[in-house]
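Reading through the structure tokens given below for one structure.
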Amino acid sequence: MATNITPRKDNYSQWYQDVISAGQLADHAPVKGCMVIRPTGYAIWEEIQAKLDRRFKETGHVNAYFPVLIPKSFITREAEHVEGFSPELAVVTQAGGKELEEPLVVRPTSETVIGHMYSQWVQSYRDLPVMINQWANVMRWEMRTRMFLRTSEFLWQEGHTAHETPEEAEAETLKMLEVYREFLEEELAIPVLAGLKSEREKFPGALRTYSVEALMQDAKALQAGTSHNLGTNFARAFDIQYLDRSNERRHAHTTSWGVSTRLIGGIIMTHSDDDGLILPPRIAPVKTVIIPLFKNPQEEAQVMAFADKVKAALGGAMDPLKVRVDTRGDLRPADRFFHWAQQGVPLRLEVGPRDVAEGKVMMVRRDNRAKTSVTLEALAQTVTDTLAAMQKDLFQKALDFRQANTHSVETYDQFKKTVEEKGGFILAHWNGKGEVEAKIKEETKATIRSIPITGKKEPGKCMVTGEPSEQRVVFAVAY
RNA sequence: CGGGGUGUAGCGCAGUCUGGUAGCGCACCUGCUUUGGGAGCAGGGGGCCGGAGGUUCGAAUCCUCUCACCCCGACCA
């Protein structure tokens with residue numbers, strides 16, 4: 001049992017903080033609401049970046065970079081956009097010792113500045129589509145912050161595309177939503193519900209917002225990624241126009257989509273246990289750690305030599321950068337076990353005198369602590385298989401949890417009781433009206449996470465008003 | 001911005017009511033014994049007690065002002 005981590009059942013929020021601290025993932029910065037992402041945490045972000053970037057490029061996107069400072073007037077050009085973001089802007093009013101003629105905002109998102117540039121780059125239908133992504137930091141001055149989940153500054157990627165037709169823009173929006181779903185489920189082992197956001201919950205300035213929603217171990221929902229069809233709203237505000245095939249001027253249809261360092265919070269809260277971080281093997285920066293065990297110099301020499309053979313035996317099966325050998329003889333074995341366990345490393349290979357004698361390695365899984373003695377010859381294959389099994393098991397466990405915490409209700413009373421006592425995803429009928437959604441949020445804190453876009457629709461009656469409803473929507477209390 | 005709280009060693013805290021020149025646990029350093037899930041003993045280093053002013057022979061402690069942070073609420077990837 002870890003002594004430096006508060007158990008989940010005692011205080012979930014404290015547990016989350018403790019896991020981050022014990023895993024050396026991040027630290028509080030001197031500026032309120034900001035965090036320092038430490039090497040162990042940043043390595044996870046780098047894995048996320050590498051894998052997502054590949055998928056973006058496979059779907060035809062290229063990377064570029066736009067500036068962190070945006071003229072304040074840009075934000076005000078799109079009515080809903082300014083209303084949505086004004087309260088949380090950080091604004092630069094002075095620079096070079098002088099008052100600026102026009103204040104600059106630190107980007108909360110880049111639709112405006114990118115829209116401005118696209119208007120200059122797009123003249124003809126031949127210039128479309130434009131499909132650019134950027135990896136960047138953004139700043140939103142939130143009132144309450146939590147490490148990775150909501151910080152004043154955070155890292156993310158934001159894709160911005162411009163298209164000829166509404167159909168193309170919608171197809172792009174849905175395609176990237178699917179990229180996110182697949183990435184979350186296959187790489188992060190986080191099951192998600194993909195769906196449409198309600199009018200109240202959509203991105204300020206969007207025509208439609210889609211999202212992928214995950215369920216955390218405390219039965220609260222986490223919005224893990226969003227994909228917006230912006231229609232012509234930003235094209236109108238920023239004058240992105242092109243001449244079409246029949247020589248008519250038209251506004252482009254744009255999209256934007258993003259995921260952030262919040263995903264790291266999602267990984268933590270989906271998989272980790274009371275001993276600390278558990279990383280799905282496919283996203284783990286260090287997949288395997290080799291820990292030589294010895295009591296004296298003779299054993300040390302013998303065991304170290306064997307540890308090198310063990311690492312070599314893994315050679316073909318794994319990127320050498322993803323294998324560590326912890327040779328610290330001044331730390332006792334248990335200390336080293338905990339160190340790597342709390343950094344979420346999926347597999348530990350213990351190499352002691354007993355193993356040297358038998359030509360074997362003791363392999364221990366981080367998630368279920370299962371121990372297996374493996375011969376050197378079988379090691380590469382066993383490790384590969386075990387990591388794959390662990391990836392699958394983590395996903396299945398999270399999926400089972402979600403299923404056990406998804407409830408259908410018919411009446412508002414049942415709904416309130418379920419929110420109060422169980423949490424989780426709650427499937428219920430709703431009349432589609434914002435006022436009803438607002439009332440539900442006011443009274444229960446639960447919001448509509450999304451309106452499912454796949455699966456069969458089941459008509460019914462709104463749980464609050466009794467009015468007809470085409471399908472159930474997903475409610476939850478969210479982060 | 002409303003309500004509540006806290007600032008004392010890297011971290012977590014006691015000491016403040018009743019002024020007397022700073023202490024505990026963890027971490028850190030040294031040595032010995034240990035070592036397959038967080039070791040034991042012995043020794044040691046480290047603090048303008050958030051900041052400024054005041055009262056006093058004397059202030060972490062009392063008074064005034066200030067700054068910062070945390071929790072609950074409104075806002076949110």
Side-chain angles (χ1 to χ4, degrees), chain A residues 1-6 11 13-14 17-18 21-22 27-34 83-89 107-110 136-146 148-158 180 197 200-204 206 209 211-214 221-228 256-266 274-276 291-296 299-300 303 328-342 348-357 360-364 366 369 371 373 438 441-442 445 447 449 478-479:
Chain A
M1 266 300 291
T3 53
N4 58 346
I5 294 178
T6 307
N11 183 342
S13 172
Q14 188 60 48
Q17 295 287 355
D18 290 347
S21 161
D27 219 337
H28 288 288
V31 176
K32 173 181 159 57
C34 292
E83 197 184 328
F85 281 107
S86 283
E88 50 190 70
L89 293 178
R107 64 180 162 217
T109 178
S110 303
N137 58 339
V138 289
M139 181 161 272
R140 300 179 186 181
W141 215 257
E142 306 289 358
M143 315 295 321
R144 277 187 72 198
T145 57
R146 302 191 69 190
F148 291 113
L149 298 177
R150 185 174 304 104
T151 44
S152 298
E153 181 191 18
F154 57 95
L155 304 184
W156 76 345
Q157 59 70 215
E158 45 180 329
Y180 288 151
K197 285 289 187 184
R200 279 175 53 89
E201 298 281 332
K202 76 173 187 186
F203 176 76
T209 290
S211 74
V212 284
E213 302 280 333
L222 184 74
Q223 179 171 306
T226 48
S227 185
H228 316 291
S256 68
W257 28 274
V259 297
S260 71
T261 36
R262 167 179 273 193
L263 288 178
I264 296 173
D274 289 345
D275 278 340
I291 303 189
L293 305 168
F294 48 85
K295 295 179 186 165
N296 53 54
E299 285 185 357
E300 180 173 1
V303 163
R328 293 175 296 181
D330 54 337
L331 281 187
R332 278 161 292 115
D335 292 322
R336 287 181 282 160
F337 296 168
F338 262 84
H339 173 80
W340 295 102
Q342 297 199 316
R348 176 173 83 230
L349 300 178
E350 299 176 10
V351 178
R354 299 206 288 264
D355 307 291
V356 176
K360 288 182 166 183
V361 173
M362 187 60 79
M363 179 183 76
V364 187
R366 169 65 183 89
R369 296 195 186 188
K371 284 192 168 191
S373 187
K441 183 179 181 184
E442 171 79 19
K445 289 188 180 171
T447 51
R449 300 323 300 158
Y479 273 97

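Sequence lines set the chain letters: A, B, ... in the order given, protein chains first and strands last, and positions in each chain run from 1.
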Contact class for T151(A) (heavy atom, under 4.0 Å): base, sugar-phosphate, or nothing? base
Measure the distance between the ring centre of F337(A) and the centre of the six-membered base ring of G37(B), then answer whether it is under 5.5 Å with planes under 30°. no
Look at the side chain of E350(A) against the base of G37(B) and say whether a donor-acceptor pair falls under 3.5 Å; ignore hydrogens and angles. no
As its Watson-Crick or G-U partner within any shown strand, both distances under 3.5 Å, G38(B) has none
Counting heavy atoms from C-beta on, name the nucleotide in G37(B), G38(B), A77(B) closest to the side chain of F154(A). A77(B)
Closest-nucleotide mapping onto RNA chain B: is K371(A) or R262(A) further toward the 5' terminus? I mean the 5' end. K371(A)
As a test of reading the structure: which of G38(B), A77(B), G36(B) is closest to the side chain of M362(A), going by heavy atoms? G36(B)
Looking only at atom C1', what distance separates U66(B) and C28(B), rounded to whole Å? 35 Å
Which of G36(B), A77(B), G38(B) is nearest the side chain of A334(A)? It is G38(B)
Just how far, in rounded Å, is C1' of C75(B) from CZ of R200(A)? 12 Å
Pick the C1' atom in C17(B) and in A42(B), then give their distance to the nearest Å. 39 Å
Indicate, with a heavy-atom threshold strictly under 4.0 Å, whether P87(A) touches base, sugar-phosphate, or nothing. nothing
Taking the six-membered ring of F337(A), is the NZ or CZ of R348(A) close enough (under 6.0 Å from the centre) and on axis enough (within 45°)? yes
For atom C1', what is the distance between G15(B) and A52(B), given to the nearest Å? 24 Å
Compare side-chain N and O positions of K295(A) against OP1 and OP2 of G36(B) and report whether any pair is under 4.0 Å apart. no
Walking RNA chain B from its 5' end, the first of A22(A) and Y479(A) to be reached, judged by nearest nucleotide, is A22(A)
Mind checking who G23(B) pairs with, Watson-Crick or G-U wobble, both distances under 3.5 Å? C13(B)
Suppose we define a pair by two distances each less than 3.5 Å, Watson-Crick or G-U wobble; what does G53(B) pair with here? C63(B)
Checking base pairs now: Watson-Crick or wobble, both atom distances under 3.5 Å. What partners G43(B)? C29(B)
Within the side chain of K197(A), is there an N or O that forms a donor-acceptor pair under 3.5 Å with the backbone of R449(A)? yes
Let's test this: given Watson-Crick or G-U wobble pairing with both distances under 3.5 Å, identify the partner of U6(B). A68(B)
T209(A) side chain to F203(A) backbone, donor-acceptor under 3.5 Å: yes
Determine, for R336(A) against E350(A), whether the closest basic-nitrogen to carboxylate-oxygen distance falls under 4.0 angstrom. no
Just checking G352(A): base, sugar-phosphate only, or nothing, at a heavy-atom cut-off of under 4.0 Å? base
Looking only at atom P, what distance separates A39(B) and C75(B), rounded to whole Å? 48 Å
Taking the minimum atom-to-atom distance to the side chain of R332(A), which one of G37(B), A77(B), A39(B) wins? A39(B)
Assign A341(A) to base, sugar-phosphate, or nothing according to its heavy-atom contacts below 4.0 angstrom with the strands shown. nothing
For T226(A), answer base if it contacts any base atom (sugar-phosphate contacts may also be present), sugar-phosphate if it contacts only those atoms, and nothing otherwise; contact means non-hydrogen atoms under 4.0 Å. nothing
Looking only at atom C1', what distance separates A27(B) and C13(B), rounded to whole Å? 14 Å
Just verifying a value: how many Å separate N137(A) CG and S260(A) OG, rounded to the nearest 0.5 Å? 12.5 Å
Check: G37(B) base within 3.5 Å donor-acceptor of R348(A) side chain: yes
Of G38(B), G37(B), A77(B), the nucleotide closest to the side chain of V364(A) is G37(B)
When we call it a touch if two heavy atoms are under 4.0 Å apart, what does L263(A) touch: a base, just sugar-phosphate, or nothing? nothing
Separation of the C1' atoms in U56(B) and G20(B), to the nearest angstrom: 12 Å
Taking the side chain of L293(A) as its heavy atoms from C-beta onward, which of G36(B), A77(B), G37(B) lies nearest to it? G36(B)
Please classify the nucleic acid contact of Q342(A) as base, sugar-phosphate, or nothing, using heavy-atom distances under 4.0 Å. base
Is N4(A) side chain donor-acceptor paired with the G38(B) base, going by distance under 3.5 Å alone? yes
Quick one: F294(A) CZ to U34(B) P, roughly how many Å, whole number? 15 Å
Return the nearest nucleotide to the side chain of D355(A); candidates are G38(B), A77(B), G36(B). G36(B)
Over all strands shown, is Q223(A) touching base, sugar-phosphate only, or nothing at heavy-atom distances under 4.0 angstrom? sugar-phosphate
Which nucleotide, C75(B), A77(B), G37(B), lies nearest any side-chain atom of K441(A)? C75(B)
Looking for any heavy atom pair under 4.0 Å, which part of the strands does P204(A) touch: base, sugar-phosphate only, or nothing? nothing
Please determine, for U18(B), whether a Watson-Crick or G-U wobble partner exists with both distances under 3.5 Å, and give it or none. none
With a non-hydrogen cut-off below 4.0 angstrom, is K445(A) in contact with a base, only sugar-phosphate, or nothing? sugar-phosphate
Flag, side chain of Q157(A) to backbone of V259(A), donor-acceptor distance under 3.5 Å: yes
May I ask you to decide if A341(A)'s main-chain N or O and R366(A)'s side chain share a donor-acceptor pair within less than 3.5 Å? yes
Will you find, in the side chains of E158(A) and S110(A), an N or O donor that is under 3.5 Å from an N or O acceptor? yes
What does A77(B) pair with, Watson-Crick or G-U, if both distances are under 3.5 Å? none
